[in-house]
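Keep in mind it's a predicted model, so treat the numbers as computed, not measured. Throughout, a chain's letter reflects where its sequence line sits, starting with A, and its residues are numbered from 1.
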2 protein chains.
Amino acid sequence: MPNHTADVLVASYLEQDLVERIARCDPRVRVSYAPELLPRPRWHSDHVGVPRELTAGEHDRWTSMLQTAEVMFDFDWRRPERTLEQSPSLKWIQATSAGAGQLIERFGLSYAPLTVTTAAGVHAGPLAEFALAGILHFARGLPRLIDDRQNRTWRKQHTTELAGSHALVVGAGKIGKRTAELLRHFSVTSTGVARNPRSESAPFDIMTTTERIPEYLPTADILVISCALTDATRGLIGRRELDALPYGALVVNIGRGSIIDEEALAEGLASARLGGAVLDVTSTEPLEDDSPLWTVENVILSPHSAANVPSENGKIVDLFIENLERHLSGDALINEFDFDAGY
Amino acid sequence: MPNHTADVLVASYLEQDLVERIARCDPRVRVSYAPELLPRPRWHSDHVGVPRELTAGEHDRWTSMLQTAEVMFDFDWRRPERTLEQSPSLKWIQATSAGAGQLIERFGLSYAPLTVTTAAGVHAGPLAEFALAGILHFARGLPRLIDDRQNRTWRKQHTTELAGSHALVVGAGKIGKRTAELLRHFSVTSTGVARNPRSESAPFDIMTTTERIPEYLPTADILVISCALTDATRGLIGRRELDALPYGALVVNIGRGSIIDEEALAEGLASARLGGAVLDVTSTEPLEDDSPLWTVENVILSPHSAANVPSENGKIVDLFIENLERHLSGDALINEFDFDAGY
């Protein structure tokens, strides 16, 4: 059913030129944006930011902006658990992250009578770049080169190459696909894991299901976790799974920390049975002070910021504008969150 | 003119199965191989090795093997400067390195009445992998992540991405092309520099000539040196050229050290005007003890071994066998060294 207007509330900080792009994309769109009522971003494309203390007057202004919103760009930062009552006209929230399941649950919006769309796809490029940076770091022996330079040692010997390896990519969404695509250009074959594999496998060489992961682990020189955190994936890669990887295997996590047993991962690295870990996420963030992942050898640790690149907001706005046009035409939106699947 | 036989002397260490592949490739091929008379390799595909002390008898055996050789796989390790007199039937030497100009000059074989073919192309894959490993290391801020982990600091902020950068690739041979091809998959455009650019530019977006490098330097977020060392390229990238690069540019050298002014490079890194250097080669190897490249920030230094991967010998033998067939048929060989061009 087409919508005749769209009252859009931009609910997290956005650069002025991007707000104007939204406002100008269609005459039926009306945009409300008051950056002075929003958390201050700490870096480019930060969608959490430093919360504000609002005066009573500001509080009322924000409440009335929420009151009329039909569409929100990002969740309410102040009282998201009251979304349904404080925004009675709300039909749709465009989230700014790829994985929105945990937020939706925390805000009590599971199966709520509104549409949530995620920013899935926007982060695929930077996350896959990060994965490749980490994979090449270990596959090409950069830790040894860095150590040797520090020790002023010129140690000529043969080196390892990435070409010819095989990767198991758990999560065949946009992030997993982009990673497999880049790996393929380096002559690395891959098996993609999906809940419901399609017949078309590219860019993967093989597609399989979650249940069959154990069969594929022994061939995985590189294990990439790029799936959402759901009841089905929490703890999916435990000690047994890590032990089944070949000697020297690399583990990449660009999904969510709780998918991997971090204690078993740290032990595999400490014993050098695993060749390296490339982590953008950890089960607790920030990582606990006593985690062995701070000190064990051969870890690249990123504070869940590999996707936070300056180009991020522009890409989310591209997606949002495309969705706004669809919303106005009554067409299905891109990236609709599926409450049953949990992503 | 076809050759009816080929007496092949394998003059550097080669795995037995690879020697057998050469011996079996054509009934007209006769292979001599005596690993006990050759330098011991120090690593996979090492073509220099530890020289042997030969007994008088061994010395005579080696001399007589050289005497009958029509084709040599690699140069004589013992007295290469006497090649023409000690191997009067020699028609062709297959070198095992991509850049053979300096060896040919040192051995007095410039314009000698024989053909030298290089192993150009064999090293393109591993060298381009190394280039990308180093480029991604700096482009994705790995030095900061490594430092932060060492200091147990969880510092969330936006990160940089590689996509959208532009590379200037000096040397549009196989190594430069493979590097540009990989960069292109990361959405990095490139300008290729060749002495005589062809009309077909792929995988480069633009082709230009050595003379026009200065025009392109200000656009080069990444400068890749992948050309041979010749009189025309020695010192090609001096202080002026490095100063013309944009702030934070990365410099990659997978060609030869003497092409870059290393003192100016180290100064650019020390002042952080340059964002990083990725070096597989240096002007003196091993690097001099007092070189600032040991200590200046943001250098990945590899001891000219990025191409020494275990698969190297197999690929050189593939090329050699293809050339042997051509030699027997009287066809032009692949990778003939051009004494005029110097590569």
Does atom CD of E285(A) have more than 12 heavy-atom neighbours from other groups under 6.0 Å away?
yes
Mark yes when over 12 heavy atoms from residues, nucleotides or ligands other than E288(A) sit less than 6.0 Å from its CD; otherwise mark no.
yes
Is the F186(A) ring parallel, tilted or perpendicular to the F186(B) ring (thresholds 30°, 60°)?
perpendicular
For chain A, which of S291(B), P126(B), G125(B), S187(B) has the most heavy-atom pairs under 4.5 Å?
P126(B)
Suppose a student defines contact as a heavy atom less than 4.5 Å from any heavy atom of chain A. Which residues in residues 130-138 of chain B would they list?
F130(B), L132(B), A133(B), L136(B), H137(B)
Does any heavy atom of chain A fall under 4.5 Å from the side chain of E312(B), the backbone, both, or neither of them?
neither
If you count every heavy atom of other residues, nucleotides or ligands that lies below 6.0 Å from D289(A) atom CG, does the total exceed 12?
no
Using 0.5 Å steps for rounding, measure from the CZ atom of R184(B) to the NE2 atom of H185(A).
11.0 Å
Check whether L301(B) gets within reach of chain A through its side chain, its backbone, both or neither, counting any heavy atom under 4.5 Å.
both
Would you mind checking which part of L287(A) comes under 4.5 Å of any heavy atom in chain B, side chain (CB onward), backbone (N, CA, C, O), both or neither?
both
Just to be sure I understand the criterion: a residue of residues 149-162 of chain A counts if one of its heavy atoms is under 4.5 Å from a heavy atom of chain B. Which ones qualify?
R149(A), R152(A), T153(A), W154(A), R155(A), K156(A), Q157(A), H158(A), T159(A), T160(A), E161(A), L162(A)
For the atom pair CD1 (I300(A)) and CG (L145(B)), what is the distance rounded to the nearest 0.5 Å?
6.5 Å
Interface residue of largest heavy-atom contact number with chain B, from P303(A), A307(A), P310(A), under 4.5 Å:
P303(A)
Does R40(A) have more than 12 heavy atoms from other residues, nucleotides or ligands lying within 6.0 Å of its CZ?
no
Count the heavy-atom pairs under 4.5 Å between each of V299(A), L293(A), I146(A) and chain B, then report the option with the highest count.
V299(A)
Quick one: which of S45(A), S305(A), S302(A) has the most heavy-atom pairs under 4.5 Å with chain B, could you say?
S305(A)
Interface moiety of A139(B) toward chain A, non-hydrogen atoms closer than 4.5 Å:
neither
E129(A) (side chain) donor-acceptor with R140(B) (main chain) under 3.5 angstrom:
no
Leading residue by heavy atom contact count with chain A [cutoff under 4.5 Å; candidates D46(B), T295(B), D148(B)]
T295(B)
Quick one: of G164(B), A128(B), G141(B), S311(B), who has the most non-hydrogen atom pairs under 4.5 Å with chain A?
S311(B)
How about CD on E297(A), more than 12 heavy atoms from neighbouring residues, nucleotides or ligands closer than 6.0 Å, or not?
no
